[in-house]
Participant: 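Take this structure, written in structure tokens, and hold onto it; I'll ask about it next.
Residue numbering restarts at 1 for every chain, and letters A, B, ... go by the order of the sequence lines.
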Protein chains: 2
Amino acid sequence: MDVINVVLADDHVLVRDGIKALLEDQSGIVVIDEASNGKEALEVVKKNTPHVLIVDIRMPEMNGIEVVREITKSFKEVNTLVLSMHDSEEYVVQAIQAGADGYLLKGASKEEFLKALHKVASGGKYFTGDVSAIIMNNFVNGNASVVSSNIKSIEDPFGLTKREKQILGLILQFKNNKEIADELQISKRTAEVHRFNLMKKLEVKNLMELSNKANEYQLV
Amino acid sequence: MDVINVVLADDHVLVRDGIKALLEDQSGIVVIDEASNGKEALEVVKKNTPHVLIVDIRMPEMNGIEVVREITKSFKEVNTLVLSMHDSEEYVVQAIQAGADGYLLKGASKEEFLKALHKVASGGKYFTGDVSAIIMNNFVNGNASVVSSNIKSIEDPFGLTKREKQILGLILQFKNNKEIADELQISKRTAEVHRFNLMKKLEVKNLMELSNKANEYQLV
DNA sequence: TTAAAATTAAGTAAAATTACTTAGTTTTGT
DNA sequence: ACAAAACTAAGTAATTTTACTTAATTTTAA
């Protein structure tokens with residue numbers, strides 16, 4: 001491979017421009033296209049078939065993990081490097097399952113970034129030190145082995161049903177059981193049950209934790 | 001001014017590296033130093049006295065607005081360009097009050113960014129179109145004129161007392177009134193009152209909204 | 001050194017949540 | 001068509017929050 005063709009997907013124009021400038025200062029790397037949301041990323045990859053897609057997790061329309069999953073399924077020749085610009089490490093396992101070839105946390109430097117990019121472009125894998133520790137941890141604990149297939153997917157990491165998701169949506173709109181019941185034309189008791197089950201499934205003990213967890217995992 | 005000396009403050013190394021690459025591709029701009037949190041930003045500015053400090057709002061230790069306020073007070077010759085990488089426009093007024101010379105939202109492109117930087121470096125002001133609209137709006141409505149001095153500051157936009165902030169902190173740790181009471185050695189009733197007053201001041205009607213608003217405005 | 005602000009905490013009471021269990025009905029997948 | 005899963009909703013009960021008011025004490029700033 002002579003030149004590495006890269007597609008950048010991030011909803012911050014400036015971050016994209018910055019990374020682009022950074023990459024194009026290197027010889028042997030060309031940013032051939034960009035996308036500002038997940039769906040666009042897929043289209044752009046389809047159009048260009050780059051060597052590497054660099055993708056941020058949090059994006060409108062479709063999140064980075066879903067994008068990676070699609071790419072892994074439909075464009076096997078495209079390698080993916082996931083950037084988590086939002087300090088959390090919680091998507092690592094999901095990213096790997098989705099087929100990501102690399103994963104960097106926000107603490108990553110230019111040097112590490114370039115190293116990762118080259119590694120990924122050449123068909124290798126690159127995960128930051130912290131990430132590797134997480135994987136190891138998951139591996140030894142055996143509770144969520146990376147290769148295991150019965151892990152819940154990112155769209156539904158907690159096994160929520162459609163109705164539960166719908167109700168979660170309403171809860172996140174600050175609606176109480178009465179309002180939810182009215183809106184869905186079910187009894188208040190049913191709304192309560194759904195709420196109760198949601199709490200159990202998400203392992204939280206009040207509204208606030210529910211809200212946080214839901215946002216954290218982008219459940220709605 | 002021959003060369004514009006810039007200091008970059010952002011907690012994402014990669015974003016910093018990216019913007020640096022972008023800036024240094026331009027002639028006449030030099031990134032002389034960097035900082036990864038607010039306090040560091042102040043130190044670095046003190047040490048270097050750059051022409052422009054480019055600063056993200058959300059940073060550990062001390063947020064961008066506070067940094068700008070300090071700079072405006074103590075290093076008048078340093079111009080400040082605030083980047084809001086997090087879609088919200090709510091800090092515009094505060095940023096301007098704090099003395100920011102420029103303000104860009106995450107939608108800003110490289111071109112706009114460079115334009116803003118040059119403008120700010122030469123002692124001018126630059127605010128994105130959207131931002132200008134917000135200012136105009138505030139101005140005509142008169143409810144928060146930019147020059148008015150009785151607007152609540154960013155650390156305390158809702159006029160919370162110290163105790164209230166402390167209790168808000170505990171609430172955000174998912175503690176209920178009983179737990180808060182025990183921890184602070186006050187009666188449960190007092191904790192309830194504080195919670196009630198917090199809700200009133202933040203104009204929310206349940207825990208979840210409280211949590212959201214608190215995070216939104218970084219009250220803790 | 002006062003007045004203002006903040007903190008404390010009681011009373012009252014409605015509303016809502018939390019924490020289950022049981023169980024009938026509907027939908028869905030194979 | 002049959003079983004499994006999902007959705008519905010009732011009962012019961014403890015706990016918590018929400019929504020005030022009133023008021024004594026303590027702290028703080030002019």
Participant: May I ask you to evaluate whether B:Thr190 reaches the phosphate of C:dA10, defined as a side-chain N or O under 4.0 Å from OP1 or OP2?
Facilitator: no
Participant: Answer yes or no: does a side-chain N or O of B:His194 lie under 4.0 Å from OP1 or OP2 of C:dT8?
Facilitator: yes
Participant: Using whole Å, what does the distance between atom P of nucleotide C:dA15 and atom CZ of B:Arg195 come to?
Facilitator: 20 Å
Participant: Take atom CG of A:Leu198 and atom C1' of C:dT18, then tell me their distance rounded to the nearest Å.
Facilitator: 14 Å
Participant: Measuring from B:Leu42:CG to B:Ile71:CD1, what's the distance to the nearest 0.5 Å?
Facilitator: 5.0 Å
Participant: What is the distance, to the nearest angstrom, from the CG atom on B:Asn177 to the P atom on D:dA19?
Facilitator: 13 Å
Participant: With the side chain counted from C-beta on, respond yes when B:Asn48 and B:Asn5 share a heavy-atom pair under 4.5 Å apart, and no when they do not.
Facilitator: no
Participant: From A:Lys47 NZ over to A:Ile32 CD1, what is the distance, rounded to the nearest 0.5 angstrom?
Facilitator: 9.5 Å
Participant: Round to the nearest Å and state the distance from A:Lys178 atom NZ to C:dA14 atom P.
Facilitator: 18 Å
Participant: Counting heavy atoms from C-beta on, name the nucleotide in C:dT18, C:dT8, D:dC7 closest to the side chain of A:Asn206.
Facilitator: C:dT18
Participant: Write down the distance between CE (A:Met199) and C1' (D:dT16), rounded to a whole number of angstrom.
Facilitator: 12 Å
Participant: From the options D:dT8, D:dT16, C:dT17, select the nucleotide whose nearest atom is closest to the side chain of B:Asn176.
Facilitator: D:dT16
Participant: Tell me: CZ of B:Phe174 to C1' of C:dT17, nearest whole Å?
Facilitator: 17 Å
Participant: Heavy atoms only, 4.0 Å cut-off, all strands: where does A:Lys205 land among base, sugar-phosphate and nothing?
Facilitator: sugar-phosphate
Participant: Nearest 0.5 Å, please: how far is CD1 in B:Ile167 from CG in B:Leu160?
Facilitator: 11.0 Å
Participant: Write down the protein N/O and nucleotide N/O pairs, taken from nucleotides 20-23 of chain D, whose separation is under 3.5 Å; answer none if there are no such pairs.
Facilitator:
none

Participant: Run the salt-bridge test on A:Lys73 and A:Glu70 with the 4.0 Å N-O cut-off and return the result as yes or no.
Facilitator: yes
Participant: Do the side chains of B:Arg189 and B:Glu192 get close enough for a salt bridge, i.e. N-O under 4.0 angstrom?
Facilitator: yes
Participant: Whole Å only: how far is the NZ atom of A:Lys188 from the C1' atom of D:dA9?
Facilitator: 13 Å
Participant: May I ask you to verify if any side-chain N or O of A:Ser187 is less than 4.0 angstrom from the OP1 or OP2 atom of D:dA10?
Facilitator: yes
Participant: What I'd like to find out is whether the side chain of A:His118 reaches to under 4.5 Å of the side chain of A:Ile4, using heavy atoms alone.
Facilitator: yes
Participant: Figure out the CG/P separation between A:Leu210 and C:dA19, and round it to whole Å.
Facilitator: 12 Å
Participant: Between C:dA9, C:dT18, D:dT18, which nucleotide has the shortest distance from any of its atoms to the side chain of B:Ile186?
Facilitator: C:dA9
